[in-house]
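What follows is a short report on a single structure.
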Amino acid sequence: MLDLRLVTTSLAVLVALVSVALAEPIKDQSAPVVQSATEARPIRVILPAPWEPTKGQAESVQSSK
């Protein structure tokens, strides 16, 4: 029984590895489009500190005074 499970597991792993190998993109295709320096830079967002009121809250506080 153990041998049958071992063979079945090995066969399943082999099939999975072959399917992954066949699913990978072919590297001989055309080269990807090169991004410019501005497109390659990450977008950084500066968030307010949790203790600072947001602009909407600050405006509502000033308008209510």
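What you see is a predicted model, and the numbers here were worked out from it, not measured in a lab.
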Checking A49 now: which residues fulfil side-chain contact (heavy atoms from CB on, under 4.5 Å) with it, not counting sequence neighbours?
W51, E52
Can you tell me how far apart CG (L14) and OG1 (T9) are? Round to the nearest 0.5 Å.
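If we round to the nearest 0.5 Å, L14:CG and T9:OG1 are 12.5 Å apart.
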How many angstroms lie between CG in L11 and CG in L6, if you round to the nearest 0.5 Å?
11.0 Å
